[in-house]
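First comes the structure, then the notes that go with it.
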Amino acid sequence: MGRSRRTIPEELLLLALDPTTGTTAQPQSLDLGLAGAQLVELALAGRIAPDGDRIAVVLPRPTGDPTLDSALELLRRRGSPVRAVHWIGGPRLGLRQTYLSHLERCGMVHAVENQMCGVLPTTRYQATDTAVSRQIRARLDTAIRTGTPPDARTAALAALAHSVGLGKHLYPGNEGRSSRSRLRDLIRHDPMGGLVAHAVMDVQNGVAGQAAAARRSQPPSAGTRAVARTPATAAMSVVGQSPQVSEQGRRRGVTRAAVRPSLSH
């Protein structure tokens with residue numbers, strides 16, 4: 001994989017990096033965005049493809065980028081398509097630091113050691129090559145200003161920037177409201193970027209965690225087991241009756257047609 005251009009995770013991180021303070025905007029959601037940006041970059045490289053709301057590996061061959069190849073190998077080991085929301089919501093410890101360290105090795109940023117409250121050591125990263133950051137920002141600005149459909153990379157970057165909340169960082173205040181709105185609208189120009197961006201927002205809204213918690217807390221369903229035996233018994237179980245009551249109902253002339261309206265409530 002050539003290094004003539006930055007990857008989407010790197011571009012997203014450079015967009016989030018404040019050139020004055022050396023801090024990153026929206027750090028928590030940014031971590032989710034970086035995981036999503038890896039998926040977009042792998043899709044652009046032809047290694048993965050969307051499969052409904054899932055991600056499928058279509059070509060497991062390494063890209064040459066160690067961080068992306070690590071993600072690709074994890075996806076490959078799953079063996080079956082993975083829901084984007086579950087992948088992005090999984091643990092990604094140190095992913096932001098990995099990319100910051102990479103940008104430092106490339107000479108894009110340099111680390112500035114400091115102390116918080118004069119005691120706790122902290123590290124901030126100042127951009128050393130602001131021309132690249134300006135070029136990335138200019139691509140977004142052009143797409144927003146002209147309304148011309150952007151290329152897939154720019155559309156995906158815009159979708160991710162919106163999903164992690166960078167709109168207010170890039171286009172602050174009331175004067176930036178229309179630009180933030182148009183940034184959001186760019187999400188429709190790249191299917192993979194749109195899928196990933198919505199997954200990032202779903203994770204932030206707790207959708208993945210709620211679904212997993214619901215599955216863990218749900219007891220084994222008698223109705224589900226009954227489906228394999230008799231559909232009538234399963235239907236009666238769904239409306240809260242036991243198999244014994246179901247049998248009584250059958251003898252009293254209760255048919256599946258009579259049960260069906262109850263299932264619609």
Listing, residues 43-57 side-chain donor-acceptor contacts under 3.5 Å, not counting sequence neighbours, or none:
from	atom 1	to	atom 2	distance (Å)
R47	NE	R61	O	2.8
R47	NH1	A45	O	2.7
R47	NH2	P62	O	3.0
D53	OD2	R83	NE	3.2

>> Measuring only between side-chain heavy atoms, which start at C-beta, is M108 closer than 4.5 Å to Y125?
In response: no
> Out of curiosity, K168 NZ to L183 CG, how far, rounded to the nearest 0.5 Å?
Replying inline: 13.0 Å
>> For T98, is there any backbone N or O sitting under 3.5 Å from a side-chain donor or acceptor partner on H102?
In response: no
> What's the shortest heavy-atom distance between R96 and D31, and which atoms?
Replying inline: NE-OD1, 2.8 Å
>> Is any side-chain heavy atom of E11 closer than 4.5 Å to one of R139?
In response: yes
> CD1 of I8 to CG of L39: how many Å apart, nearest 0.5 Å?
Replying inline: 10.5 Å
> Do H162 and D185 have side chains that get closer than 4.5 Å, going by heavy atoms?
Replying inline: no
>> Ignoring hydrogens, what is the shortest heavy-atom contact between L72 and P60? Give both atom names and the distance.
In response: CD2-O, 3.7 Å
> Atom CG in L34, atom CD in Q97: separation rounded to 0.5 Å?
Replying inline: 11.5 Å
>> Would you compute the distance between atom CZ of R78 and atom CG of L75 and round it to the nearest 0.5 angstrom?
In response: 7.0 Å
> What heavy-atom pair brings L68 and T7 nearest, and what distance separates the two atoms?
Replying inline: CD1-CG2, 4.4 Å
> Is a side-chain donor or acceptor of T154 paired with a backbone partner of P150 at a separation under 3.5 angstrom?
Replying inline: no
>> Could you walk me through whether T67 and L95 satisfy the side chain to side chain contact (heavy atoms under 4.5 Å, CB included) test, starting with their C-alpha distance in whole Å, then the side-chain angles of each, then the deciding distance to 0.1 Å, before giving a yes or no?
In response: CA-CA 9 Å; T67 309; L95 187 59; 4.2 Å; yes
> Between atom CZ of R124 and atom NE2 of H110, what is the distance when rounded to the nearest 0.5 Å?
Replying inline: 12.5 Å
> Short question: side chain of S163, backbone of L160 - any donor-acceptor pair under 3.5 Å?
Replying inline: yes
> Can you find a pair of side-chain heavy atoms, one from R180 and one from L170, that are under 4.5 Å apart?
Replying inline: no
> Which heavy atom in S178 sits nearest to a heavy atom in E175, and how many Å separate them?
Replying inline: OG-O, 4.5 Å
>> Tell me the closest heavy-atom pair linking A25 and L166, and the distance in Å.
In response: CB-CD2, 3.9 Å
>> Less than 4.5 Å apart, side chain to side chain, heavy atoms only: is that true for V40 and L157?
In response: no
> Quick one: does D69's side chain have a donor or acceptor within less than 3.5 Å of a partner on G64's backbone?
Replying inline: yes
>> Applying side-chain hydrogen bond (donor to acceptor under 3.5 Å, both in side chains) to E104 and Y99, what does each step give before you reach the verdict?
In response: CA-CA 8 Å; E104 184 181 19; Y99 276 108; over 6 Å; no
>> So, taking the atom named CE in M201 and the one named CD1 in I88, what distance separates them when rounded to the nearest 0.5 Å?
In response: 10.0 Å
>> Do Y171 and L140 make a side-chain contact, defined as non-hydrogen atoms from C-beta onward lying under 4.5 Å apart?
In response: yes
> Is there side-chain contact between L17 and T23, with heavy atoms separated by less than 4.5 Å?
Replying inline: no
>> Set out, in order, the CA-CA distance, both residues' side-chain angles and the distance that settles side chain to side chain contact (heavy atoms under 4.5 Å, CB included) for L32 and V164, then state yes or no.
In response: CA-CA 8 Å; L32 302 176; V164 301; 5.6 Å; no
>> Looking at every heavy atom in both D190 and A155, which two are closest together, and how far apart are they?
In response: CB-CB, 3.8 Å
> Take atom CD in Q28; do more than 12 heavy atoms of anything else shown fall under 6.0 Å from it?
Replying inline: no
> Is the backbone N or O of S70 less than 3.5 Å from a side-chain atom of E73, with the two atoms forming a donor-acceptor pair by type?
Replying inline: no
> Can you tell if the side chain of R134 reaches within under 4.5 Å of the side chain of R137, non-hydrogen atoms only?
Replying inline: no
> Going hydrophobic residue to hydrophobic residue with side-chain gaps under 4.5 angstrom, can you get from L74 over to V82?
Replying inline: yes
>> The test is side chain to side chain contact (heavy atoms under 4.5 Å, CB included); show your working for C106 and E10 and say whether it passes.
In response: CA-CA 11 Å; C106 293; E10 293 164 7; 5.9 Å; no
